[in-house]
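Before any comments, here is the structure.
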Amino acid sequence: MADPLTQLVDIPQHGDARGQLAVAELGGALPFVVRRIYWIYGTKPGVSRGFHAHKKLRQFCVCVAGSVRLILFDGRREETVILDSSAKGLLIGPGLWREMHDFSADCILMVLADAEYDEADYIRDREAFVRHEP
Ligand code: TYD
């Protein structure tokens, strides 16, 4: 059977009577050295984002508040995953088309990446992505 496109990683939680603390560190939940962090928040109702793939970039997505639905597509198979917990990280490797839908009003989607922003690493056309040789 083909490997799942959706790679969810458990993020260790250190909750106590005061509340929660979640940790993603190298050698633990985090499989790469982080060179960039960004977060998506304040998404307007009905807005979808993404609609691109990366040639080389690896990303680790954590929905630290609210919820969002992601679609992952490898050119043949498509999977849907709902992120609604800061205790789960979604690993998105290169060569996966991603779309983000149904952001809750309070959604904060934090993305850790293994490289700086590089527009040349993006494939923004779905047909070009399907034709793209890895
Ligand atoms: P965009 O690629 O449209 O985001 P999404 O994946 O949510 O669809 O990025 C929005 C804008 O932000 C675009 O002008 C590029 C810019 N941007 C950066 O400058 N650095 C970054 O690390 C990212 C992710 C985006």
Side-chain angles (χ1 to χ4, degrees):
M1 210 167 80
D3 289 340
L5 308 180
T6 305
Q7 295 183 58
L8 283 172
V9 177
D10 289 324
I11 299 175
Q13 304 290 302
H14 299 274
D16 58 27
R18 298 169 296 172
Q20 302 301 320
L21 189 156
V23 183
E25 67 181 330
L26 202 58
L30 202 55
F32 55 73
V33 173
V34 174
R35 297 185 65 92
R36 175 166 53 111
I37 304 173
Y38 61 93
W39 45 99
I40 296 171
Y41 64 100
T43 306
K44 304 288 186 242
V47 167
S48 295
R49 303 192 63 133
F51 302 97
H52 63 256
H54 285 283
K55 297 172 190 167
K56 292 190 180 151
L57 190 71
R58 300 176 76 193
Q59 291 168 299
F60 186 78
C61 306
V62 185
C63 188
V64 294
S67 62
V68 60
R69 178 170 63 88
L70 276 97
I71 294 175
L72 300 175
F73 173 59
D74 71 355
R76 291 175 298 125
R77 292 180 296 135
E78 188 175 286
E79 292 183 10
T80 294
V81 57
I82 291 175
L83 296 184
D84 60 1
S85 165
S86 65
K88 294 277 180 197
L90 176 68
L91 268 175
I92 307 181
L96 279 180
W97 184 262
R98 87 288 314 272
E99 301 176 7
M100 295 165 274
H101 302 279
D102 302 338
F103 287 87
S104 63
D106 61 346
C107 180
I108 303 174
L109 181 64
M110 184 176 70
V111 183
L112 290 71
D114 72 349
E116 294 84 348
Y117 178 75
D118 177 10
E119 186 59 36
D121 189 62
Y122 280 73
I123 305 171
R124 292 192 182 272
D125 180 81
R126 190 179 158 110
E127 295 307 313
F129 166 69
V130 171
R131 289 193 306 270
H132 176 74
E133 295 290 332

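As the structure is a computational prediction, the values presented were derived from the model and not from experiment. These values consider heavy atoms only, across backbone and side chains, with no hydrogens, waters or symmetry-generated copies. In listed order, ligands and their atoms are each counted from 1.
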Mind checking the [atom1]-[atom2] spacing from [X] to [Y]? Nearest 0.5 Å is all I need.
{"X": "Thr43", "Y": "Leu109", "atom1": "OG1", "atom2": "CG", "value": "8.5 Å"}
{"X": "Leu8", "Y": "Leu91", "atom1": "CG", "atom2": "CG", "value": "8.5 Å"}
{"X": "Cys61", "Y": "Ile40", "atom1": "SG", "atom2": "CD1", "value": "8.0 Å"}

Which of the atoms of ligand 1 are close to Ile40, meaning less than 4.0 Å from one of its heavy atoms?
7 (O)
Test item: [X] side-chain N/O and [Y] main-chain N/O as donor-acceptor pair under 3.5 Å:
{"X": "His132", "Y": "Val130", "result": "no"}
{"X": "Lys55", "Y": "Ala120", "result": "yes"}
{"X": "Arg124", "Y": "Tyr122", "result": "no"}

Yes or no, since that's all I need: does a protein heavy atom fall within a distance strictly under 4.0 Å of atom 20 (N) of ligand 1?
yes
Counting only non-hydrogen atoms of the protein, does one fall under 4.0 Å from atom 11 (C) of ligand 1?
no
Option of least heavy-atom distance to atom 22 (O) of ligand 1 (set: Arg98, Arg49, Arg36, His54):
Arg36
Considering heavy atoms of the protein only, find what lies nearest to [atom] and give residue, atom and distance to 0.1 Å.
{"atom": "atom 6 (O) of ligand 1", "result": "His52 CE1, 3.0 Å"}
{"atom": "atom 8 (O) of ligand 1", "result": "Gly50 N, 2.9 Å"}
{"atom": "atom 2 (O) of ligand 1", "result": "Arg124 NH2, 3.2 Å"}
{"atom": "atom 13 (C) of ligand 1", "result": "Tyr117 OH, 4.6 Å"}

Counting heavy atoms only, which part of Gln59 comes closer than 4.0 Å to ligand 1: side chain, backbone, both or neither?
neither
Qualifying residue for side-chain hydrogen bond (donor to acceptor under 3.5 Å, both in side chains) with Arg69, from Asp84, Asp102, Thr80:
Asp102
Looking only at distance, does Met100 have an N or O less than 3.5 Å from an N or O of ligand 1?
no
